[in-house]
Participant: 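Let me begin by handing over the structure; questions about it come next.
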Protein chains: 2
Amino acid sequence: MKALSQVGKYGLRAILYLVAYPSENSYMSIRQISDELNLSFHFVTKIFRELTAKGILISYRGPSGGVALARPADQIMLIDVVKALEGEDYFDKCLIGLPNCGTAKPCPVHEFWKEMKTKIQQNFTETSLATLGEKIRSQEFRLDD
Amino acid sequence: MKALSQVGKYGLRAILYLVAYPSENSYMSIRQISDELNLSFHFVTKIFRELTAKGILISYRGPSGGVALARPADQIMLIDVVKALEGEDYFDKCLIGLPNCGTAKPCPVHEFWKEMKTKIQQNFTETSLATLGEKIRSQEFRLDD
DNA sequence: CATATTTAAGAGTATTTTATCTTATTTAAA
DNA sequence: TTTAAATAAGATAAAATACTCTTAAATATG
């Protein structure tokens with residue numbers, strides 16, 4: 001089940017690296033992130049520009065510049081990042097693509113699918129980047145292959 | 001959450017129409033299906049060729065030809081169609097795209113995502129096309145806009 | 001001030017997905 | 001046996017997504 005585009009996958013991995021290995025009171029360069037995760041530097045840069053424009057990251061140019069979280073990691077929820085990367089309507093889509101699929105005139109799998117989306121949305125809403133960063137730092141979880 | 005490609009969405013809607021409005025002991029033409037659902041005839045034809053090749057549909061050429069289910073609708077499960085259209089590895093994908101994401105070296109959202117995929121897989125495994133066709137025939141559920 | 005380092009912006013390219021079109025083959029029925 | 005109706009096959013086109021590249025702007029530091 002491919003739930004995220006490449007932009008979503010790369011963006012999440014990159015921001016999680018930033019969260020997991022924060023440079024104390026300073027910016028981390030995109031080059032370091034893309035190198036560590038073996039992602040295209042230019043592609044990550046483009047994705048991060050979007051996250052910066054959406055107020056999730058802040059960026060600073062010049063030597064010792066880079067990117068950083070705009071808020072503390074425990075105040076950025078997974079759902080914020082996913083919606084920023086995949087669109088605000090991420091959880092509003094009908095499984096079989098019907099426009100305005102809802103309780104009024106539902107598709108045959110509407111109820112079940114709504115239930116699943118709600119569960120996922122809840123989890124993403126409760127999960128902060130801090131929690132995920134912690135997991136990665138614990139070495140029991142990974143961000144690359 | 002875009003869980004299915006256009007092929008998956010169109011293919012599901014088209015096969016569900018076939019299930020919901022079966023022509024007794026005969027084939028339904030792809031033209032009728034695509035017309036009714038406002039889908040591209042050629043695109044549906046291509047998708048159905050795949051379902052025929054995979055043994056989910058049977059087809060017959062010539063006048064009064066068309067397509068039909070290869071087995072009774074209660075013996076074709078939603079998961080069969082989804083896997084035929086989206087790939088057998090549909091439920092094996094890591095949310096953030098890590099290869100071989102598993103219990104051994106999981107990504108930070110592995111456990112939760114596995115749980116969700118399992119729930120969806122279970123539902124799709126239990127849900128037959130007959131059940132969905134029934135719903136559509138009841139007029140309380142729709143296949144088009 | 002000159003230089004090096006970094007992100008910003010957006011143009012450009014490649015690949016994949018989606019959709020269309022053409023021709024061939026099969027088959028029923030006039 | 002001719003014709004029309006249907007799917008099969010695959011080439012082609014269009015659009016979306018994924019990725020790359022170039023230039024500009026900002027900024028720290030020697």
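Chain naming here is simple, since letters A, B, ... match the order of the sequence lines and numbering starts at 1 in each. Atoms considered below: every heavy atom in the structure, side chains included; atoms not considered: hydrogens, waters and symmetry mates.
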Participant: Is there a side-chain contact between B/Lys46 and B/Val7 in this structure, where contact means two heavy atoms from C-beta onward sitting under 4.5 Å apart?
Facilitator: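 No, too far: nothing below the 4.5 Å cut-off.
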
Participant: Between N or O atoms, less than 3.5 Å apart, protein on one side and nucleotides 12-18 of chain D on the other: list the pairs.
Facilitator:
unit_1, atom_1, unit_2, atom_2, d
D/dA18, OP1, A/Gln6, N, 3.1

Participant: For the residue pair A/Lys83 and A/Met77, establish whether any side-chain heavy-atom pair is separated by less than 4.5 Å.
Facilitator: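 Side-chain contact under 4.5 Å: no.
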
Participant: Below 4.5 Å, heavy atoms only, C-beta onward: do A/Ser5 and A/Leu85 meet side chain to side chain?
Facilitator: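 Contact flag for A/Ser5/A/Leu85 side chains = no.
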
Participant: Looking at D/dA5, does its base get a donor-acceptor pair with the side chain of B/Arg31 below 3.5 Å?
Facilitator: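 There is none.
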
Participant: Same cluster for B/Ile33 and B/Phe141 if Ile/Leu/Val/Met/Phe/Trp/Tyr side chains link at under 4.5 Å?
Facilitator: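 No, it is not one cluster - the side chains of B/Ile33 and B/Phe141 are not joined through contacts under 4.5 Å.
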
Participant: Can you confirm whether B/Glu36 sits close enough to B/Asp144 that some side-chain heavy atom of one is under 4.5 Å from a side-chain heavy atom of the other?
Facilitator: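 Counting from C-beta outward, B/Glu36 and B/Asp144 never come under 4.5 Å.
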
Participant: Can you pull out the residues from residues 53-62 of chain B that lie within a 4.0 Å heavy-atom distance of DNA chain D?
Facilitator: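 Output list: B/Ser59, B/Tyr60, B/Arg61, B/Gly62.
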
Participant: For the residue pair A/Phe112 and B/Ile120, establish whether any side-chain heavy-atom pair is separated by less than 4.5 Å.
Facilitator: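 Yes, their side chains come closer than 4.5 Å.
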
Participant: Starting at atom NE2 of A/His42, determine the distance to atom C1' of C/dT6, rounded to an integer number of angstrom.
Facilitator: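 Distance check: A/His42 NE2 to C/dT6 C1' gives 12 Å.
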
Participant: If we only count heavy atoms from C-beta on, is the A/Leu78 to B/Val109 side-chain gap below 4.5 Å?
Facilitator: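 Result yes, sub-4.5 Å side-chain heavy-atom pair found.
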
Participant: Whole angstroms only, please: what is the OH-P distance between B/Tyr27 and C/dA28?
Facilitator: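 Between P of C/dA28 and OH of B/Tyr27: 10 Å.
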
Participant: So which nucleotide from D/dT7, C/dA8, C/dT6 ends up closest to the side chain of B/Ile30?
Facilitator: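 Nearest to the side-chain atoms of B/Ile30, counting from C-beta on, is D/dT7.
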
Participant: In whole angstroms, how far is the C1' atom of C/dT17 from the CD atom of B/Glu50?
Facilitator: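 Distance, rounded to whole Å: 15 Å.
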
Participant: Exactly one of A/Asp80, A/Leu57, A/Leu69 should register a side-chain contact (heavy atoms from CB on, under 4.5 Å) with A/Leu51. Which one does?
Facilitator: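 That would be A/Leu57.
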
Participant: Under 4.5 Å side-chain heavy-atom separation, chaining through any Ile, Leu, Val, Met, Phe, Trp or Tyr, what else clusters with A/Tyr60? Say none if it is isolated.
Facilitator: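 ILVMFWY cluster around A/Tyr60 also holds A/Tyr27, A/Ile58.
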
Participant: Among C/dT27, C/dA8, D/dG10, which nucleotide sits nearest the side chain of B/Pro63?
Facilitator: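 Nearest nucleotide to the side chain: C/dT27.
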
Participant: At less than 4.0 Å, is any side-chain N or O atom of B/Thr45 found next to OP1 or OP2 of D/dT7? Yes or no.
Facilitator: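 For D/dT7, neither OP1 nor OP2 has a side-chain N or O of B/Thr45 closer than 4.0 Å.
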
Participant: Rounded off to whole Å, could you give me the CZ-to-C1' distance for the A/Arg49 and C/dA11 pair?
Facilitator: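 Rounded to the whole Å, the gap is 11 Å.
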
Participant: When the distance from CZ of A/Phe41 to P of C/dT5 is rounded to whole Å, what number comes out?
Facilitator: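 So the CZ-P distance, A/Phe41 to C/dT5, works out to 13 Å.
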
